[in-house]
Amino acid sequence: MTDRDPLDDLLTHSAPGSVRSTPRLDRDLALLSREARGSESSRRRPARILVGAGLSLLLLGGAGTAVAATTFNWAPWAQDPDIAYPFTLPSGRDCEARVKMLLVTDAPETGPISTAPDAALSAHFRSFDAIAAADIEGSIAEVHRRAGSGMMVAVSPEGQLSDVRETAEGPTADDVYAAAAHDALGDALRAEALAYGLDSGQWSSDYDIQCEAISE
């Protein structure tokens with residue numbers, strides 16, 4: 001006869017069954033993750049952290065001051081964005097993020113969500129000072145803390161940002177700054193949407209970020 005621990009029996013019989021992955025579950029988990037990241041960022045960064053004079057804030061102009069329209073090739077929706085967020089990389093390359101805020105109009109259990117522009121939401125974010133709200137220095141510190149994760153953001157010679165496998169040399173100063181600008185803008189949008197009265201499942205956005213192309 002084998003001696004059994006009563007606690008082992010209790011744990012065995014009380015263990016929950018396996019959870020089947022469904023599109024709705026995957027979407028809900030993604031929304032929870034995005035909401036948690038925004039909450040964690042607000043707790044983690046009560047103050048700005050200066051990380052090196054070479055990576056100090058180099059944004060161009062004030063809120064909504066866009067880089068010349070001829071510099072980048074924008075999609076039709078980005079011709080008239082709610083937010084134009086220009087910045088300059090340490091190397092001197094001009095970059096810009098453009099955002100169109102959208103309301104979630106339908107979130108089915110399966111399949112993609114449906115979104116639509118909203119005049120009041122657009123008007124609010126067109127007056128939102130994203131440059132002042134974005135914590136670039138704090139985001140730079142977070143990008144450095146992600147070193148060794150196996151992935152990094154890189155700015156291609158053509159001016160596109162992409163997630164790539166981390167190299168032995170690690171990201172360049174331009175890569176770090178571009179990733180930080182992307183993160184800082186996302187954090188600012190989440191915080192402002194929440195202040196506006198929208199949780200993470202009630203809004204979405206069209207988003208694009210481009211940098212000047214360079215010849216290798």
Side-chain angles (χ1 to χ4, degrees), residues 15-46 63-64 66 72-85 87 95-136 138-139 142-143 146 149-153 160-164 178-210:
S18 60
V19 178
R20 184 172 61 88
S21 177
T22 65
R24 177 59 182 266
L25 177 61
D26 292 342
R27 183 174 61 80
D28 288 346
L29 289 174
L31 292 175
L32 285 172
S33 176
R34 186 171 78 172
E35 193 169 47
R37 184 179 184 276
S39 175
E40 182 66 19
S41 295
S42 65
R43 291 195 300 269
R44 242 188 342 236
R45 297 190 288 171
F72 304 125
N73 183 24
W74 297 108
W77 68 262
Q79 301 294 331
D80 184 30
D82 293 332
I83 294 173
Y85 180 85
F87 58 97
C95 302
E96 186 174 318
R98 291 193 176 188
V99 182
K100 183 74 171 179
M101 297 297 292
L102 303 167
L103 282 180
V104 173
T105 57
D106 187 33
E109 291 190 6
T110 61
I113 63 174
S114 298
T115 61
D118 179 81
L121 181 64
S122 290
H124 177 83
F125 275 90
R126 283 172 186 253
S127 65
F128 173 55
D129 191 345
I131 291 175
D135 183 3
I136 292 287
S139 288
E142 287 191 14
V143 172
R146 292 201 296 263
S149 66
M151 298 295 292
M152 68 182 199
V153 171
Q160 303 300 314
L161 274 64
S162 58
D163 291 308
V164 299
H182 169 81
D183 291 351
L185 179 56
D187 289 343
L189 291 176
R190 281 186 287 272
E192 187 63 19
L194 189 61
Y196 182 77
L198 297 176
D199 65 32
S200 61
Q202 295 176 301
W203 68 278
S204 185
S205 66
D206 287 328
Y207 178 96
D208 190 19
I209 184 168
Q210 299 184 33

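The residues of the chain are indexed from 1 along the displayed sequence. The figures here come from the full heavy-atom set of this structure, side chains too, leaving out hydrogens, waters and symmetry mates.
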Which word best sums up how the rings of His124 and Tyr196 line up, parallel for under 30°, tilted for 30 to 60°, or perpendicular for over 60°? tilted
Side-chain contact test, heavy atoms from C-beta onward, threshold under 4.5 Å: evaluate it for Phe72 versus Arg98 and give yes or no. no
Please examine the side chains of Leu198 and Met101, heavy atoms only from C-beta on, and report whether any two atoms are closer than 4.5 Å. no
Determine the interplanar angle of the Phe87 and Tyr85 rings, folded into 0 to 90°, and report it as parallel if under 30°, tilted if 30 to 60°, perpendicular if over 60°. tilted
Rounded to the nearest 0.5 angstrom, the OG-CG distance for Ser114 and Leu102 is 11.5 Å
Donor-acceptor contact below 3.5 Å, side chain Asp183 vs main chain Gly186: no
Between Ala133 and Phe128, the two heavy atoms sitting closest are CB-CZ, 3.5 Å
Is there a donor-acceptor pair closer than 3.5 Å between any side-chain N or O of Gln79 and the backbone N or O of Pro76? no
Passes side chain to side chain contact (heavy atoms under 4.5 Å, CB included), Leu185 versus Val99? Steps please. CA-CA 10 Å; Leu185 179 56; Val99 182; 4.0 Å; yes
Grab the two heavy atoms, one from Ala130 and one from Ile83, that are nearest each other, plus how far apart they are. CB-CG2, 4.0 Å
For the CG atom of Leu189 and the CH2 atom of Trp203, what is their distance to the nearest 0.5 Å? 5.5 Å
Residues Thr115 and Thr105: closest non-hydrogen pair is N-OG1, 3.8 Å
Are any of the side-chain nitrogens in Asp208 or Lys100 under 4.0 Å away from the carboxylate oxygens of its partner? no
Can you find a pair of side-chain heavy atoms, one from Met152 and one from Val164, that are under 4.5 Å apart? yes
Closest heavy-atom pair and its distance - Ala180, Ser139: O-CB, 3.4 Å
Supply the atom-to-atom distance Asp187 CG to Asp135 CG, rounded to the nearest 0.5 angstrom. 8.0 Å
Of the non-hydrogen atoms in Gln210 and Asn73, which two are nearest, and what is the gap between them? NE2-O, 3.2 Å
For Pro108 and Ile113 the tightest heavy-atom approach is CD-CA, 4.2 Å
